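The next block holds one structure in the form of structure tokens; read it before the comments.
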Amino acid sequence: PRSTLFPYTTLFRSDRRGRKEGKVVEILERANTTLVGRLYRERGYQWVVAENKRISQDILVPDHQDLGAANGNVVMVEISEQPTRHAPPVGKVTKVLGNYADPGMEIEIALRKHNLPNEFAADVVAQARKLPKGVLKKDLGGDREDIRDLPLVTIDGEDARDFDDAVYCQPEGRGFRLWVAIADVSHYVQPGSPLDVSALERGTSVYFPRRVIPMLPEELSNGLCSLNPEVDRLCMVCEMEISSFGNIKKHRFYPAVMHSKARLTYNQVWDWLEAGAAPAEKAWVMPHLQDLYKLFKVLLKARGKRGAIDFETVETKMLFDEHDKIERIVATSRNDAHRLIEECMLAANVCASGFLRKKKHPALYRVHEGPTPRNSRLCRSYSPSSASSS
């Protein structure tokens, strides 16, 4: 093939083994213009060693371009002269982050090493500050339903700061009616707005130990779009009718306003379910949790009959000392309160998938490869029926 830039120059050829090889004829854009690394100084020279191990060349830093960084400091360096065949790259320090052993330095390095946006632009901050502190009366018009009387609760980990979903279920005939509510972010983040453009760039929140880089400013991530207890919140609801065999007979989606009645944790809920009672101030929630647990068992049994595999993995948790350094890493175990919420979310996601397919709306799906013959045999060996019979 011939280059479109140089139509009379052959760029590729084959070596003795038939492999294609070529040469770079022009550099159009540099992938790295700023780097994070450690500055070293010795015998009148100073240079930065990049934290990114794929950057094999050190960046030379002239004396007057170091911002007073000390030997061994972690710095941000801007490359002013890219490397050539005969000369290393040259740069200047634009920010001194501190000592390598400083608390939280690992996170600071990771943010810059992976180019994670950790500061919001001025127009995003300005738009977020203009948002109301709570739900306004004008937000409740149109087809938005009022479900503030439902005893919806959130169930998350002890260290969770934002609460994305709330659940409630009640027996209905021989089956159940399940409500799954999630925060209505779309009401506040309009297409094309600074908030929307910023969220699209970030894609998701990034979770570090003891620190979160949110996709949305705190006014939304921890405020209006977090289903905090005892406050009104706008939400999107999936309301499902589920049979006693775990089949979803009907479902509907609608915007609503809700009022979370409690912020619960997985360990709390599981301790109460095991004991059959909750503390006096939370005694009112026990019947609702027991109904949820009954529904969980029904959904789990139905999933087993479908042949779904339940992968149980050991998760870990980092424990830190007073200097924000990792003291030790311990294993954490999941309990049925975790699985209860997972089953509720799975049920709502199945409904969402069916809704999109029925409406022929384009959507992204993750399709797993089919099992290999060996895995198929293993799945049959450990099917629910064989497990129960053994």
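Sequence positions, counted from 1, serve as the residue numbers for this chain. Note that the coordinates shown come from a computational prediction; the quantities given were computed from them, not determined experimentally. We use all heavy atoms of the structure for the numbers below, so side chains are in, but hydrogens, waters and symmetry mates are not.
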Qualifying salt bridge (Lys or Arg N to Asp or Glu O under 4.0 Å) pairs, either residue in residues 100-116, two or more places apart: Glu106-Lys325, Glu108-Arg112, Glu108-Arg211
Is His187 reaching over with its side chain to a backbone N or O of Asp184, donor-acceptor style, under 3.5 angstrom? no
Residue Phe245 excluded, over 12 heavy atoms near CZ under 6.0 Å: no
Over all atoms of both residues, closest heavy-atom pair of Ile248 and Ile242: CG1-CG1, 4.2 Å
Val36 and Ile107: same hydrophobic cluster, using ILVMFWY side-chain contacts below 4.5 Å? no
Using distance alone, with no hydrogens and no angle criterion, decide if Glu158 and Asn267 have a side-chain donor and acceptor under 3.5 Å apart. yes
So, Arg144 side chain and Val257 main chain: donor-acceptor pair closer than 3.5 Å or not? no
Any donor-acceptor pair under 3.5 Å from Ser198 side chain to Pro194 backbone: no
Donor-acceptor contact below 3.5 Å, side chain Glu342 vs main chain Arg339: no
Does the side chain of Gln190 come under 3.5 Å of the side chain of Asp196 through a donor N or O and an acceptor N or O? no
Side chain to side chain, Pro217 and Leu195, heavy atoms closer than 4.5 Å: yes
Can you tell me how far the OH atom of Tyr266 sits from the CG atom of Asp336, to the nearest 0.5 Å? 13.0 Å
Which word best sums up how the rings of His288 and Tyr168 line up, parallel for under 30°, tilted for 30 to 60°, or perpendicular for over 60°? perpendicular
Nearest-0.5 Å distance, CE of residue Met240 to CG of residue Leu295: 8.5 Å
Please evaluate residues Lys261 and Leu150 with respect to the criterion side-chain contact (heavy atoms from CB on, under 4.5 Å), reporting the C-alpha separation (whole Å), side-chain torsions for both, the decisive distance (0.1 Å), and the verdict. CA-CA 8 Å; Lys261 299 300 188 292; Leu150 289 180; 5.9 Å; no
Would you say Arg54 has more than 12 foreign heavy atoms packed within less than 6.0 Å of its CZ? no
Main chain of Ala70, side chain of Asn73: is a donor-acceptor contact present, judged purely on distance under 3.5 Å? yes
Tell me whether Asn99 contacts the main-chain N or O of Ala101 through its side chain, where contact means a donor paired with an acceptor under 3.5 Å. no
Tell me whether Leu97 is reachable from Leu39 by hopping between hydrophobic residues (I, L, V, M, F, W, Y) whose side-chain heavy atoms are closer than 4.5 Å. no
Rounded to the nearest 0.5 Å, what separation is found between the NZ atom of Lys297 and the CG atom of Leu340? 10.5 Å
Let me check something: do Met258 and Ile182 share a hydrophobic cluster, defined by ILVMFWY side-chain heavy atoms less than 4.5 Å apart, either directly or through other members? no
Tyr45, OH atom: more than 12 neighbouring heavy atoms under 6.0 Å: no
Take atom CD in Glu218; do more than 12 heavy atoms of anything else shown fall under 6.0 Å from it? no
Which heavy-atom pair separates Gly157 from Arg263 by the least distance, and what is that distance? O-NH2, 3.0 Å
Could you list the donor-acceptor pairs under 3.5 angstrom formed by side chains in residues 82-93, with sequence neighbours left out?
unit_1: Gln82; atom_1: NE2; unit_2: Asn32; atom_2: O; d: 3.2
unit_1: Thr84; atom_1: OG1; unit_2: His86; atom_2: N; d: 3.3
unit_1: Thr84; atom_1: OG1; unit_2: Ala87; atom_2: N; d: 3.0

Are Val185 and Val124 linked, directly or through other ILVMFWY residues, by side chains that come within less than 4.5 angstrom of each other? yes
Nearest 0.5 Å, what's the CG-NZ distance between Leu289 and Lys294? 12.0 Å
Would you say CG of Asp149 has more than 12 non-hydrogen atoms from neighbouring residues, nucleotides or ligands within 6.0 angstrom? no
Can you measure from CG (Leu216) to CG (Asn222) and round to the nearest 0.5 angstrom? 10.5 Å
Side-chain heavy atoms nearer than 4.5 Å, only ILVMFWY residues, links allowed to pass through others: does that put Leu264 and Leu292 together? yes
Quick one: does any side-chain atom of Asn71 pair with a main-chain N or O of Arg41 as donor and acceptor, under 3.5 Å? yes
Is the number of heavy atoms from other residues, nucleotides or ligands under 6.0 Å of Glu119 CD greater than 12? no
Under 3.5 Å donor-acceptor, Ser205 side chain and Met215 backbone: yes
Atom CZ in Arg177, atom CD in Glu241: separation rounded to 0.5 Å? 4.0 Å
Assess whether atom CG of Leu136 is packed by more than 12 heavy atoms of other residues, nucleotides or ligands within 6.0 Å. yes
Please check if the side chain of Ser260 supplies one atom and the backbone of Val153 the other of a donor-acceptor pair under 3.5 Å. no
Would you say that more than 12 heavy atoms from the other residues, nucleotides or ligands in this model lie under 6.0 Å from the CZ of Arg252, or not? yes
Angle between ring planes, Phe253 versus His251, binned at 30° and 60°: parallel, tilted or perpendicular? perpendicular
Gln46 versus Tyr40, side-chain donor and acceptor atoms under 3.5 Å: no
Counting only N and O atoms by type, is there a donor-acceptor contact under 3.5 Å from the side chain of Arg38 to the main-chain atoms of Val74? no
